[in-house]
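Take a look at the structure below.
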Amino acid sequence: MDQPKRYLITSALPYANGELHLGHLAGAYLPADIYVRYLRLLGKDVVWVCGSDEHGAAITMRAKKEGISPKEIIDKYHELNKATFKKLGISFDYYHRTSAQLHHETSQDFFLRLHEKGDEFEVRTTKQYYDADFDQFLADRYIKGTCPRCGHEEAYGDQCENCGSDLSPIELIDPVSTLSGKKPELRETQHWYFKLDEHEAWLREWIATGKLDGEQHHNPDNWKKHVIGQCLSWLDNGLQPRSITRDLDWGISVPLEGAEGKVLYVWFDAPIGYISSTKQWALENGTDWEQYWRDEDTALIHFIGKDNIVFHCIIFPALLRAYGGYVLPQNVPANQFLNFEGQKFSKSKGWGIEQHAYLDEFADFPNKEDALRYALLRNLPENRDSDFKWDEYVDYHDKELADKLGNFLNRVIVLTNKYFDGQVPEVQPGVSDAIQGAIELTDKLTAEIEAFSFKQAGLYLIELASYGNTYLQDVSPWKIWKTEPDSPLIKECIYVSLQIATLISALCEPFIPFTSPRVRKQLNLPPLENGDLTEVLRKLKAGESLLPANHRVGEPEVLFPKIHDRKDTSRLEIINRQKEKLEAILAAERGPEREPMKPEIQFDDFVKLDLRTGTITAAEKVPKADKLLKLSVDLASEQRTVVSGIAEHYKAEEIVGKQVVLVANLAPRKLRGILSQGMILMAENADGKLVFVSPEDGFGNGWTVR
RNA sequence: GGCGCGGUAGCUCAGCUGGUUAGAGCGCAGGAUUCAUAAUCCUGAGGUCGGCGGUUCGGGUCCGCCUCGCGCUACCA
């Protein structure tokens with residue numbers, strides 16, 4: 001499909017059971033956002049849907065453990081995730097939720113249709129464990145017992161983590177429900193299975209060759225290798241009927257008589273959420289949802305993480321085809337995983353940063369949205385796992401956004417104001433072919449976006465700014481200005497540079513949408529609207545002005561205040577706080593490795609110590625000593641001079657006024673010729689880092705510590 | 001265990017169906033420049049392309065084995 005009439009874009013529905021971290025953003029949302037914004041700028045008919053995935057056993061389990069209702073959980077995370085996406089400029093056309101009535105109806109219709117076709121489902125009766133106290137069947141994971149292979153007493157119903165055996169709950173010796181802690185009973189239950197195996201032949205051809213019913217549906221060369229590889233691996237292993245119902249009281253009821261207490265399996269209803277979301281969007285926008293799902297000229301594209309490949313490339317397509325009349329995805333550009341400072345994101349360890357936490361902690365950081373989007377873009381896990389590092393975040397921001405892109409735009413605006421009073425100079429038609437290089441870069445950039453290669457596309461954006469910088473440097477109008485201020489070379493140079501700047505203002509929008517309007521403002525242009533890029537590209541190639549002669553530009557403004565800034569360290573401090581948090585986690589992991597405890601002492605030994613609160617009233621570096629500070633400490637009844645070995649950790653001026661605890665009856669001792677009358681209590685960790693042990697602010701001086 | 005994807009300069013990564021001296025950015029070294037956010041531009045150093053074996057006139061690029069990383073392996077979602 002070279003030129004589809006319309007695009008239907010989906011991003012994986014986030015599970016409404018927790019916060020989303022940067023890995024999620026880099027996997028399925030940022031790439032889709034770039035793609036969709038690009039299509040909109042070209043004036044394409046595109047709708048991008050997403051929403052919260054709100055069913056499944058994990059939510060009910062969590063609700064039971066926390067003693068709240070599932071609805072409280074899903075409401076909380078639906079609102080949080082939806083709002084956070086919006087703040088980051090993730091521009092879904094609709095963010096729906098699977099708890100919506102419309103979605104329940106859509107899913108039930110889907111199920112019924114397949115049921116009525118008669119040959120898509122089969123019903124199987126099996127025995128499963130049932131927890132009578134909690135009145136429900138138990139998922140394998142929620143049953144523990146003794147492993148029949150190795151005797152490990154804490155094996156799960158699906159696997160023994162001690163010997164690695166795959167188990168079924170029935171095999172466990174002495175099974176126990178992790179909900180009630182009691183022995184569950186075996187009960188018969190009945191479930192509906194989707195006969196996925198009967199779809200194997202056409203799926204294989206479709207995945208391997210891109211052909212559907214003998215016609216070319218898509219070009220498999222455009223699909224990522226790891227996507228096709230994993231699908232074929234699955235197909236080679238043989239497909240099996242797949243259970244699509246569960247015994248659960250949370251979810252979408254199976255719409256059949258005799259199916260009380262059964263719900264659709266969350267994996268069945270979640271992708272149908274894409275359809276529901278489209279329906280709701282169409283409803284609110286007075287348009288028809290069906291053309292997006294049923295018209296063959298629609299290009300359906302699923303953005304997901306690699307954990308979702310099989311579902312979106314095999315199971316969901318099979319369901320859609322079984323239903324009949326639905327389009328199948330043109331591409332599923334699944335990303336791999338993003339790591340965080342060398343390790344996987346881990347909620348339990350606190351490793352990584354969540355999207356909303358980022359926004360909170362970077363509240364005072366200018367461009368925090370685009371800075372993050374750009375850092376993730378530069379490190380998208382498009383073909384392999386990648387790693388997010390704060391140092392790289394800083395480098396990408398300062399060296400690429402600020403130094404290359406921001407600085408180029410700034411130079412151009414400044415030069416225009418300086419030499420031409422802010423007006424675009426007039427030039428002879430067709431004088432410069434310097435624009436040709438910009439056209440080539442533009443073509444490369446758009447081709448990369450269309451090939452779902454967003455990282456490379458982003459590099460071309462910066463290269464375009466570099467191209468502009470090189471061009472400025474080659475012509476060096478400031479040199480010509482000194483001897484020949486009226487030279488047409490200056491006019492041409494500024495004119496061409498302004499064209500490149502205008503081009504950048506348009507091309508950058510999909511990547512850094514918060515910055516684009518600010519660039520436009522400096523050029524005295526309105527923010528972009530849907531379709532504007534088409535006209536920009538047409539003019540560019542026709543040799544017409546993107547920014548015509550005599551147009552008056554705006555005032556220069558620093559787009560990206562650098563993080564490494566001599567005069568203002570506030571941005572660097574925000575980054576450093578993040579790095580310190582990670583160090584603390586690593587330090588905590590080193591955990592139990594603490595100094596062994598000293599031999600026991602008696603209370604009498606302890607009371608010999610005279611500990612007093614005090615305040616540092618003066619501090620100065622001890623000459624010829626690297627580590628020593630000479631402190632004056634106010635104990636109310638007297639002033640003490642204390643020499644303390646903390647100069648490598650604290651500067652003299654920053655600890656004046658600090659409240660401390662002093663060992664007041666320690667025998668005086670001369671250090672570097674100064675009599676030290678006491679010792680300040682400090683805590684020290686394995687890295688040798690020191691911190692004061694202090695009373696709370698405002699506590700008076702000279703009081704005892706016991 | 002089986003399968004899939006990946007292992008390319010100090011770091012992060014490009015290299016389609018095999019073909020001349022293996023690329024980019026950052027970092028590093030040297031130079032140019034001052035319009036600009038101590039920014040920019042140019043040049044250079046640096047790699048036995050995870051290891052071994054094979055097919056070929058020729059292999060990061062194909063085949064086999066080994067090794068390391070990540071993922072999937074169908075009822076956790």
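Just so it is clear: chains get the letters A, B, ... in the order the sequence lines come, proteins before strands, and each one is counted from 1.
Residue Phe560(A) places its side chain closer to U37(B) than to any other of G25(B), A36(B), U37(B). When distances are taken from the side chain of Lys479(A) to each of U73(B), U33(B), U12(B), the shortest belongs to U33(B). Listed nucleotides G25(B), G71(B), U40(B) differ in distance to Asn407(A); the shortest reach to its side chain belongs to U40(B). Distance from the side chain of Gln240(A) is smallest to A74(B) among A39(B), A74(B), U40(B).
Atoms CG (Leu498(A)) and C1' (C35(B)) sit 13 Å apart, rounded to a whole Å. Going from atom NE2 of His24(A) over to atom C1' of A77(B) covers 11 Å, rounded to whole Å. Rounded to an integer number of Å, the gap from Asn335(A) CG to G6(B) P is 15 Å.
Across the C1' atoms, G47(B) and G15(B) are found 14 Å apart, a figure rounded to whole Å.
In this structure, Glu392(A) reaches the sugar-phosphate backbone alone: every heavy-atom distance under 4.0 Å involves primed, P, OP1 or OP2 atoms, never a base. Ile59(A) comes within contact range of no nucleotide atom at all, as no heavy-atom separation falls under 4.0 Å. At a threshold of 4.0 angstrom between heavy atoms, the contacts of Val414(A) are confined to the sugar-phosphate backbone, with no base atom among them. Within the nucleic acid shown, Tyr193(A) comes within 4.0 Å of at least one base atom, counting heavy atoms only. Base contact: Trp267(A) has a heavy atom under 4.0 Å from a base atom. Nucleic acid contact class of Asp385(A) (heavy atoms, under 4.0 Å, all strands): sugar-phosphate only. Residue contacts for Leu239(A): at a heavy-atom cut-off of 4.0 Å it reaches a base atom on one of the strands shown. Within 4.0 Å of Asn379(A), counting heavy atoms only, lie sugar-phosphate atoms of the nucleic acid but no base atom.
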Stepwise ring pair (Phe, Tyr, Trp, His ring centres under 6.0 Å) check, His302(A) with Tyr274(A): CA-CA 10 Å; His302(A) 296 305; Tyr274(A) 297 142; 5.4 Å; yes
message: Is there a ring pair (Phe, Tyr, Trp, His ring centres under 6.0 Å) between Phe111(A) and Phe121(A)? Walk through the geometry before answering.
response: CA-CA 10 Å; Phe111(A) 179 91; Phe121(A) 288 167; 5.0 Å; yes
- prompt: Does the pair Trp351(A) and Phe345(A) meet the rule for a ring pair (Phe, Tyr, Trp, His ring centres under 6.0 Å), with working shown?
  reply: CA-CA 5 Å; Trp351(A) 192 257; Phe345(A) 280 86; 9.1 Å; no
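Distances shorter than 4.0 Å separate none of the side-chain N or O atoms of Tyr471(A) from OP1 or OP2 on U40(B).
Checking Glu400(A) against Tyr374(A) by side-chain atom types alone, a donor-acceptor pair falls below 3.5 Å. In summary, the side chains of Ser99(A) and Lys71(A) do not present any donor paired with an acceptor at a separation below 3.5 Å, with no hydrogens or angles considered.
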message: If a pair means Watson-Crick or G-U wobble with both distances below 3.5 Å, what does RNA chain B look like in dot-bracket form, with | marking bases paired to a different strand?
response: (((((((..((((.....[...)))).(((((.......))))).....(((((..]....))))))))))))....
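In this structure, G44(B) is classed as anti because its glycosidic torsion departs from zero by more than 90°.
For Lys76(A), there are no salt bridge (charged side-chain N to carboxylate O under 4.0 Å, His left out) partners two or more places apart in sequence or in a different chain.
Along RNA chain B, the nucleotide nearest Glu400(A) and the nucleotide nearest Arg242(A) are compared for position; the residue whose nucleotide lies closer to the 5' end is Glu400(A).
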